[in-house]
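Below, read A as the first sequence line, B as the second, and so on, with proteins coming before strands; counting in each chain starts at 1. All values derive from a computational prediction rather than experimental measurement.
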Amino acid sequence: MSVLIFIDHSEGQVKKASLEACSYGAALAGQLNVPAEGILLGTVTTDLSTLGKYGVKKIHQAAQEGLNHLDAQVYAKIIADSATATGATVIVFSNNLSGKAVAPRVAARLKAGLVSGAVALPDTTSGFVVKKNVFSGKAFAHVAINTPVKVITLNPNSYPVREGEGSVSAEVAPLSVTAGAPKVKVVSATQATGEVPLTEAELVVSGGRGLKGPENWGIIEDLAKALGAATACSRPVADAHWRPHHEHVGQTGIAIAPNLYIAIGISGAIQHLAGVNRSKVIVVVNKDPEAPFFKAADYGIVGDAFEVVPKMTEAVKKLKGIA
Amino acid sequence: MKILVCISKTPDTTAKISFTQNNTKFASDGVQWIINPYDEWYALVRAIELKEKDPSTVLHLLTVGLADTEPIIRKALAIGGDEAIRVNADSADPFYIATQIADIARQGGYDLIFTGKETIDYNGSSIGGMVSELLDWPYISLAVKFDLNGSVATVVREIEGGEETDEVSLPLVVSCQKGVAEQRIPNMKGIMSARTKPLKVVEPVAAEALTGIVSFELPPAKAGVRLVPADNPAELIRLLHEEAKVF
Ligand SMILES: Cc1cc2nc3c(=O)[nH]c(=O)nc-3n(C[C@H](O)[C@H](O)[C@H](O)COP(=O)(O)OP(=O)(O)OC[C@H]3O[C@@H](n4cnc5c(N)ncnc54)[C@H](O)[C@@H]3O)c2cc1C
Ligand SMILES: Nc1ncnc2c1ncn2[C@@H]1O[C@H](COP(=O)(O)O)[C@@H](O)[C@H]1O
């Protein structure tokens with residue numbers, strides 16, 4: 001028996017979401033008294049033995065270039081076969097874009113109960129109950145998995161990356177697979193290099209219609225840059241093409257859970273809150289004291305963004321000693 | 001060409017979320033139900049556009065739900081589609097729902113299945129992937145663009161840190177999100193014709209629910225906002241650094 005953790009990669013590297021899945025899977029393995037193992041398909045520049053410090057004992061790697069593009073059908077077969085071969089009873093994924101593509105297929109293939117979007121370790125005192133996000137962050141559900149093999153996807157930024165004591169190195173075991181030819185042909189792929197993906201960002205600065213137009217986004221970008229934060233926006237801002245669509249957060253955009261979310265010139269409509277209400281600390285800057293966002297905020301300033309935000313940026317720079 | 005669009009119902013996006021029966025049931029009293037936005041705005045509309053381009057396309061809508069989902073499926077038919085199928089069952093387990101959808105897909109000889117990115121109540125993002133596995137079809141998750149040329153689809157999907165353009169022959173399952181299409185408002189003609197479009201009700205095939213919701217929980221209420229005067233943004237930054245310790 002073991003916990004098998006799917007370790008995904010992009011740009012040749014294992015990213016934070018997978019490290020969270022490793023930490024979560026290792027803690028769960030500890031809880032169940034079984035080893036935690038990882039599976040990685042494709043090639044990476046990350047030294048996989050270093051993942052041992054997150055509690056993963058062994059990593060099964062199918063180091064084939066052909067597996068570097070994630071194909072849900074091909075991946076699911078390999079992961080399911082490997083889970084069966086290693087006797088895994090729980091398979092953990094990040095609930096990121098890769099996990100969403102593959103985990104449901106693995107679960108269906110193994111006829112394993114699936115809980116996606118877990119936010120905490122399962123309660124295994126009697127049965128196996130996982131706390132997950134429902135109603136777009138407005139509530140949680142405790143869901144029991146009733147099958148011998150279980151699949152969980154972990155929401156990004158819900159479980160901390162934990163390095164264990166010392167530097168235990170993980171055993172990297174080659175996994176030989178005879179993967180069927182993918183039915184999906186990858187024509188091209190673009191990576192937005194350099195930027196922190198919004199779902200992984202710990203700090204986010206977001207702007208709404210209160211900023212009046214795309215030409216005013218400089219103040220948002222300056223504050224984000226000073227903080228080392230990613231930028232986001234409300235839906236009407238993306239719809240009006242002031243900002244790219246991938247920055248749109250909310251019910252119909254992406255859901256994020258950063259440590260800090262600064263909302264500038266955003267009213268705080270319920271559909272917007274649905275995407276950001278899991279943020280640990282929410283700061284609102286709005287000139288209208290009645291803006292609903294203040295009810296969901298931890299800190300706020302009632303004032304004009306065009307005056308307040310540049311001063312915030314100055315204060316951050318001063319604090320960080322940036323000239 | 002036969003397309004199947006999976007439609008689910010969700011509480012209106014502004015609905016108050018609360019629970020009854022010792023936090024085991026969603027309190028649905030007075031709640032407005034809507035078509036799940038991803039299903040309505042993106043999956044359904046793109047399928048309608050494909051049918052407009054090739055009128056020989058057969059477009060069916062499918063929901064797994066009890067009789068109370070019928071107003072929702074009628075509303076979806078008012079936007080477009082030839083007929084609807086309702087599998088008379090209710091479950092929160094994705095495998096159960098996916099089994100029903102896969103069964104209908106097998107019997108109906110569909111070439112293309114669209115789902116939404118996720119239901120905004122259960123937030124599973126899992127039905128499409130499960131259906132594709134049960135059918136052993138390829139699956140493109142989280143599409144932002146979809147085009148069809150004969151029986152070959154060109155799809156742009158979101159991947160970690162970027163986008164990928166894929167080519168794949170049908171049959172295929174695709175989960176749709178923003179970018180695939182633009183929201184459409186049903187017109188009078190659509191609403192009138194939806195009344196007479198066929199809505200078939202079928203009984204579910206035997207399937208197990210592999211998971212079950214034990215209880216719900218609301219997040220703890222916020223303590224209340226701490227306001228900082230507008231003339232002292234530096235104080236806000238100090239608080240974030242020293243008190244909240246977020247950077
Ligand atoms: C089904 C559905 C799904 C939706 N999904 C989403 C979603 O995913 N994400 C989303 O964001 N929205 C979504 N919406 C839209 C949502 O209801 C709101 O309309 C939207 O969030 C409002 O965007 P906003 O706050 O930027 O603009 P507004 O509501 O116009 O607010 C602008 C704010 O800026 C303030 N302001 C103006 N000038 C200044 C200034 N100089 N300084 C400081 N503050 C200023 C104003 O006081 C106001 O509060 C959805 C709606 C529906 C019906
Ligand atoms: N009960 C249902 N009946 C038909 N389709 C559904 C049902 N539930 C979910 N779907 C489809 O599957 C998608 C993803 O749902 P989920 O995996 O629950 O987030 C939805 O956007 C719908 O297209």
Side-chain angles (χ1 to χ4, degrees), chain A residues 10-11 72-73 76 96-98 100-101 104-105 108-109 113-117 129 133-136 138-147 183-192 197 203 227 245 251-252 259-260 270-271 281 294 296-303 308 311-312 315-316 319, chain B residues 13-14 17 37-38 41 94-95 98 120-130 132-134 138-142 154 158-169 178-179 210-219 222 225-228 230 233-234 236-241 244 246-247:
Chain A
S10 60
E11 299 162 273
Q73 197 169 15
N96 63 1
L97 298 159
S98 307
K100 284 175 184 173
R105 289 199 74 129
R109 193 172 181 92
L114 167 71
V115 172
S116 53
V129 179
N133 237 96
V134 285
F135 295 103
S136 306
K138 289 176 227 161
F140 302 105
H142 298 267
V143 185
I145 307 185
N146 305 321
T147 46
K183 291 188 193 154
V184 177
K185 186 175 137 213
V186 179
V187 180
S188 64
T190 55
Q191 293 280 348
L203 310 173
L227 282 166
H245 278 301
Q251 185 103 74
T252 44
N259 291 338
L260 174 66
I270 194 157
Q271 298 94 352
V281 173
F294 284 115
D298 300 282
Y299 298 93
I301 290 185
V302 179
V308 171
K311 286 186 193 150
M312 286 169 68
V316 172
L319 197 106
Chain B
T13 54
T14 56
I17 305 302
Y38 293 105
W41 302 356
F95 184 80
I120 63 167
D121 51 1
Y122 190 72
N123 302 126
S125 233
S126 42
I127 302 289
M130 286 192 167
S132 69
E133 187 63 36
L134 292 170
Y139 175 47
I140 307 271
S141 53
L142 306 171
T154 304
E158 209 183 347
I159 57 168
E160 284 310 313
E163 281 182 359
E164 184 182 280
T165 305
D166 297 329
E167 252 174 41
V168 53
S169 294
K178 185 171 170 176
L210 310 182
T211 62
I213 294 176
V214 179
S215 62
F216 292 100
E217 181 187 332
L218 289 171
K222 288 259 175 188
V225 60
R226 175 143 166 204
L227 289 176
V228 174
L236 173 66
I237 298 301
R238 187 193 68 78
L239 286 169
L240 291 176
H241 183 62
V246 283
F247 72 95

Can you measure from NZ (A:K185) to OG1 (B:T165) and round to the nearest 0.5 angstrom?
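Those atoms lie 11.5 Å apart.
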Atom CD1 of A:I301 and atom CG of B:L227: how far apart are they, to the nearest 0.5 Å?
9.0 Å
[X] to [Y] - nearest heavy-atom pair and separation:
X      : Y      : result
A:V134 : A:F140 : CG2-C, 3.7 Å
A:F135 : B:N123 : N-OD1, 3.2 Å
B:V225 : A:G300 : CG2-N, 3.6 Å

Answer with yes or no whether the side chains of A:Q251 and B:T13 bring together a donor and an acceptor at under 3.5 Å.
no
Report yes if the side chains of [X] and [Y] come closer than 4.5 Å at any heavy-atom pair, otherwise no.
X      : Y      : value
B:L218 : A:K138 : no
B:I140 : B:V168 : yes
B:L210 : A:N146 : no
A:V184 : A:Q73  : no
B:W41  : A:T252 : yes

Which one of [options] has the most heavy-atom pairs closer than 4.5 Å to chain B?
options                        : answer
A:N96, A:T147, A:V308          : A:N96
A:V281, A:I145, A:L227, A:D298 : A:D298
A:A297, A:A144, A:S116         : A:A144
A:S10, A:A315, A:P104, A:A141  : A:P104
A:T190, A:N259, A:L260, A:L203 : A:T190
A:G117, A:G113, A:A72          : A:G113

May I ask you to check whether over 12 heavy atoms, not counting those of A:K183, lie within 6.0 Å of atom NZ?
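Count over threshold, so yes.
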Engaged part of [X] at the chain A interface, taking heavy atoms whose separation is under 4.5 Å:
X      : value
B:P219 : both
B:I237 : side chain
B:Y139 : both
B:I159 : both
B:F95  : side chain
B:I127 : neither
B:A98  : neither
B:I213 : both

Flag the one option from [options] with the top tally of heavy-atom pairs under 4.5 Å to chain A.
options                        : result
B:G212, B:G128, B:S126, B:S125 : B:G212
B:A230, B:P233, B:G162         : B:P233
B:L240, B:D121, B:L142         : B:D121
B:R226, B:E160, B:E158, B:M130 : B:E160
B:P94, B:S141, B:S132          : B:S132

Segment of A:A76 engaging chain B (4.5 angstrom heavy-atom cut-off)
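Only the side chain of A:A76 comes within 4.5 Å of chain B.
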Give, as side chain, backbone, both or neither, the part of A:L114 having an atom under 4.5 angstrom from any heavy atom of chain B.
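Both backbone and side chain.
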Got a donor-acceptor contact below 3.5 angstrom from the A:S136 side chain to the B:I120 backbone?
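Yes.
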